[in-house]
Amino acid sequence: MKKHVDLNASYQPASFGFRDPSAVSEIIGRYPPGRQRSAVMPLLDLAQRQVAADGLKATPPYGGWIPRAAMDEIARILDMPPIRVYEVATFYSMYNLAPVGVNLVQVCTTTPCWLCGSDKIVKTCQDKLGIGVGETTPDGKFTLVEVECMGACVNAPMVQINDDYYEDLTPEGTGGLIESLAQGKKPPSGSQSGRKGSMALSGPTSLAAQARSSMK
Ligand code: FES
């Protein structure tokens with residue numbers, strides 16, 4: 001899905017500052033002298049998480065996104081042209097550049113997930129939330145988007161909700177996930193069918209004895 005970006009939108013705040021300068025210094029210090037610009041990605045992530053923390057206290061609440069003012073502040077801190085920060089932030093789908101709901105529900109609809117029923121997962125989300133793809137619920141709790149492969153095809157179909165993957169989904173299980181999140185609960189992430197990692201649904205098929213003992 002095309003990422004929504006409008007650097008001049010009315011919802012863009014006029015300024016942004018990092019609340020925790022020590023976190024900024026720690027991130028920049030991970031890189032060798034002269035390579036501080038490599039910190040652009042973790043600083044974008046830090047900004048998005050700060051906005052998410054603020055959003056939880058707002059009415060209605062909102063989720064993590066990166067205002068233009070934050071990108072400009074990162075450019076200033078790293079002494080790089082703002083366009084270089086915009087280029088990174090607009091390229092990677094993990095950065096939201098417009099307000100989103102507290103729970104960003106990203107449904108994978110690429111071929112392996114589609115073959116395993118992602119259409120029904122999207123439909124369940126739409127029905128449960130009462131919104132279409134690319135929309136946010138009026139209470140600010142959910143945004144629904146479709147995304148391309150997130151590398152968990154072996155446990156398809158799957159969704160990513162904020163930082164967590166939920167895999168081996170059924171429409172019923174997906175509905176339950178949304179209900180739990182709507183109540184402010186965080187359901188256990190990972191496979192929803194109970195399998196460990198990406199082993200076969202029928203159980204381990206190689207090094208079976210060792211695998212079974214590690215599952216105890
Ligand atoms: S196709 Fe859905 S995770 Fe790869």
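Because only heavy atoms are used, hydrogens play no part in the values below, and waters and symmetry mates are left out as well, while side chains stay in. By convention here, the first residue in the shown sequence is residue 1. Order of appearance sets the numbers: ligands from 1, and atoms from 1 within every ligand. What you see is a predicted model; the values in this text were computed from it and never measured.
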key: Straight-line distance of L144 CG to L129 CG, nearest 0.5 Å   =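 These two atoms lie 6.5 Å from each other.
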Interatomic spacing from OG1 in T137 to NZ in K128 - rounded to 0.5 Å = 14.0 Å
key: Under-4.0 Å salt bridge between R49 and D54   =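 No, this pair does not count.
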request  = Check whether any side-chain heavy atom of L43 lies under 4.5 Å from a side-chain heavy atom of V85, and answer yes or no.
outcome  =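 When only atoms from C-beta onward are counted, V85 and L43 do not touch, as no gap falls below 4.5 Å.
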ask   = Can you check whether I131 reaches T136 side chain to side chain, under 4.5 Å on heavy atoms?
value = no
note = For R37, the salt bridge (Lys or Arg N to Asp or Glu O under 4.0 Å) test, sequence neighbours excluded, returns none
task = Please report how many protein N/O/S atoms lie under 2.8 Å from atom 4 (Fe) of ligand 1.
result =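 Step by step: take atom 4 (Fe) of ligand 1, keep protein N, O, S below 2.8 Å, and you get 2.
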